[in-house]
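Data block below; observations after.
We name chains A, B, ... by the order of the sequence lines, and we start the count at 1 in each one. All values derive from a computational prediction rather than experimental measurement.
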Amino acid sequence: MTTKSKGVNNAMHWFRKGLRLADNPALVSCLEQSPKNIYPVYVLDGNSYELFRCSPLRANFLVECLQDLDANLRTLGSRLYVLSGDPTIILPDKWNEWNITDLSYEEEEAGEPYALKRDTTIIDLAQTSDIRLFTAKSETLYPLQEYMIKAKNGKAVPSSMTGFQKIFGGMPPMKKVLPPPTKEDFPQNDNLAELSKLYLPPTKATDLPWPRDIPRSEVEPIWDANDCKNLTPLVHGGETLARKVLKQKLKDADWVATFEKPKTSCTSLEPSTTNLSPYLSWGCVSPREVWVALDNAIAKASSKTKVSKPPVSLHGQMLWRDFNNLMAHNANLNHPGCWNHIEGNQYCRQVSWDDDPQLLEKWKRGKTGYPWIDAAMRQLAQEGWIHHLGRHAVACFLTRGDLWQNWEEGAKHFEAELLDADYALNGFNWLWLSCSGFFYQYFRCYSPIVFQKKNDPNGNYIRKYVPELKDLPSKYIYTPWEAPTSILDKAGVKLGKNYPRPLVDHSVVSKENMTRMKQAYDDHKVREAAAAPKEKPSKKKQRTS
DNA sequence: GGTCCGTTGGGCGC
DNA sequence: GCGCCCAACGGACC
């Protein structure tokens, strides 16, 4: 490794995810080289995962993150340089122009194919240009490789949460959370004044290289592509807000200590969970910081409090995140890029899903005729968020429960619309809900009617998000097609006109679909047996000899 | 090869 | 609000 004397190197920190200053080990290790100048950059990359299939709410969230990052850097006497284009072209240009000698960035861990390809190219280019790399794995509580090593130990990587928790229990103490760099850590760039009006962060979603340059979707957008005005995001972007939300949500120590995910409500009009997921997925806050904050909050809970445990506790939610990343990482190691696909995905059952663009479109737009499903889908479009259990219900409805549509399509839609869209978590949950992987009890099926009726008998959630039904009596709010004409008339509901009739009869199709799933599982067994005909006998031989 | 378990199902009786 | 059954999955563990 070439060593360069202090003060003659020029550094670049490349933000991709990890849009924060605190607990950013790659940035810190770069600053530790005491560079003469540092250029914190973000590249608006029209082809990147973050922007591909990206709703205005997501675009807007990114803009807010960049604005906040720039503001925070300016308090340290630095700033964010926002570039536009293909990073593998634009970054080498800037290395040359700014005489960059050191480059740092947070590594992509789950194995998202575009990011991996991009980074491989950048690593090659950096080596060619004799640029020193300072990278760090800080997307998860522990680097995924460390779980892999711990797990292997002669065994397979666990594919259940229980198995993962065992691995996790044997991990060494977690790395300490790094404080944000101080003003003294940041050099004053020679040319800061000269560049003051260049490379400024975008101020609105339409400044991003989207949607003009990107073929976003085959279908018409659900929202006005240029307009976020009428949308009401769950939270706004940025590290500053992330910390505020973290502090606020963890203030009630007893709430934190007794949190049980399955007991939180997905129909409450105010989110019953922490709202931290968007910040975690964009890296506005580090998972370790959240972990420690949970520790601290629980320590303050009253001694009588019965503290909840993983997997249902808040710490458990952080474990799910790492577990999902590990599964994505492992799947992609064996078959690069397979994670959000059926083909080649070792964890995914091959199921012959139907392909009906009209049904898919009605699901996306919240026009299935099942008010509870439609309410959740419209909350997604409106706020960029649905409660986890709501996601379960709509994902089950689209796939194995009712419409029998390919989960890949549902995953793509979530990826575009969710503020907290996360490659690893999204893929895992669609595999789970469609009974394609990790969860196989297909006879346990969410009802689009009764699942939430007990939590929200008056249907307030439906009344909020499906306003055309708001005047229906509670008795029919979940099942408007059962209401007498006089009641529908009184409520201003015209079935098939201003609110659709149900696309399918759940009680019928859910049973039919169980039979289809049984068949798919049987076919899977046959394929497995055919794929490895000699393996089992030879193993037996070894054992008996 | 048997048994138990799996973050969060639905329906019923009590 | 709880316990039990429904019909019956794969994977871990013995």
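- Taking the nucleotide of DNA chain C with the nearest heavy atom to each of A:R444 and A:D522, the more 5' of the two is matched to A:R444.
- Using a 5.5 Å limit on the distance between ring centres and a 30° limit on the angle between planes, the aromatic ring of A:F443 does not count as stacked on the six-membered base ring of C:dC9.
- Distances were taken from every side-chain heavy atom of A:V312 (C-beta onward) to each of C:dG11, B:dT7, B:dG10; the shortest belongs to B:dT7.
- When rounded to the nearest whole Å, the span between NZ of A:K518 and C1' of C:dC9 equals 8 Å.
- Regarding contacts with the backbone of C:dG10, a side-chain N or O of A:K525 is found under 4.0 angstrom from either OP1 or OP2.
- Counting only heavy atoms from C-beta outward, the side chains of A:R58 and A:W282 approach each other to under 4.5 Å.
- For A:Y440, the side-chain atoms get nearest to C:dG10 when compared with the rest of B:dT7, B:dG9, C:dG10.
- For A:Y446, the side-chain atoms get nearest to B:dG10 when compared with the rest of C:dG10, B:dG10, B:dT7.
- Between the CE atom of A:M514 and the C1' atom of C:dA7 there is a distance of 10 Å, rounded to whole Å.
- The side chain of A:K263 places no N or O atom within less than 4.0 Å of a non-bridging phosphate oxygen (OP1 or OP2) of B:dT8.
- B:dC5 and C:dG3 have their P atoms separated by 16 Å, given to the nearest Å.
- At least one side-chain nitrogen or oxygen of A:K166 sits closer than 4.0 Å to the OP1 or OP2 atom of C:dC13.
- Under the side-chain contact (heavy atoms from CB on, under 4.5 Å) rule, A:S436 has a single partner from A:L431, A:I342, A:N345, which is A:L431.
- Here the side chain of A:S159 is nearest to one of B:dG10, C:dA12, B:dT7, namely C:dA12.
- Nucleotide C:dC5 holds its P atom 17 Å from the CD atom of A:Q441, rounded to whole Å.
- Phosphate proximity of C:dG1 to A:K454: absent, as no side-chain N or O sits under 4.0 Å from OP1 or OP2.
- Within the 4.0 angstrom heavy-atom criterion, only backbone atoms of the sugar-phosphate kind lie near A:F451; the bases stay farther away.
- Side-chain proximity of A:W432 to the nucleotides B:dT7, C:dG10, B:dG10 is greatest for B:dT7.
- A:L389 has its CG atom 11 Å from the P atom of B:dG10, to the nearest Å.
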Self-check item: Verdict with supporting geometry, A:L403 and A:D354, side chain to side chain contact (heavy atoms under 4.5 Å, CB included)
Solution: CA-CA 8 Å; A:L403 301 184; A:D354 291 342; over 6 Å; no
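- A:F438 places its CZ atom 22 Å from the P atom of B:dC5, with the value rounded to the nearest Å.
- In this structure, B:dG1 and C:dC14 make a Watson-Crick or G-U wobble pair, each of the two defining distances being under 3.5 angstrom.
- Here the P atom of nucleotide C:dG10 and the OH atom of A:Y347 are 17 Å apart, to the nearest Å.
- Across all strands shown, B:dT8 forms no Watson-Crick or G-U wobble pair with both key distances under 3.5 Å.
- Using a 4.0 Å heavy-atom criterion, one finds that A:S160 contacts no nucleic acid atom at all.
- Two residues are said to be in side-chain contact when any heavy atoms from C-beta on lie closer than 4.5 Å; A:K362 and A:L503 meet this criterion.
- Under the Watson-Crick and G-U wobble criteria, each requiring two contacts below 3.5 Å, nucleotide C:dA7 is left unpaired.
- The distance between atom NZ of A:K261 and atom C1' of B:dG6, rounded to the nearest whole Å, is 17 Å.
- With P as the reference atom, C:dA8 and B:dG1 are 23 Å apart, rounded to whole Å.
- Taking atom P in both B:dC4 and C:dC4, the straight-line distance is 15 Å, to the nearest Å.
- A:N458 and A:S474 share a donor-acceptor pair across their side chains, judged by distance under 3.5 Å alone.
- Within the structure, a side-chain polar atom (N or O) of A:T162 is placed less than 4.0 Å from OP1 or OP2 of B:dT7.
- Using a 4.5 Å heavy-atom threshold, the side chains of A:W481 and A:Y476 count as separate.
- Across the protein-nucleic acid pair, A:Y442 atom OH and C:dG10 atom P stand 7 Å apart, rounded to whole Å.
- Distance from the side chain of A:R349 is smallest to C:dG10 among C:dG10, C:dC9, B:dG9.
- Checked against B:dT8, B:dG10, C:dG10, the side chain of A:Y521 finds its nearest nucleotide in C:dG10.
- Across all their heavy atoms, A:A381 and A:E417 have their closest contact at CA-OE1, 3.7 Å.
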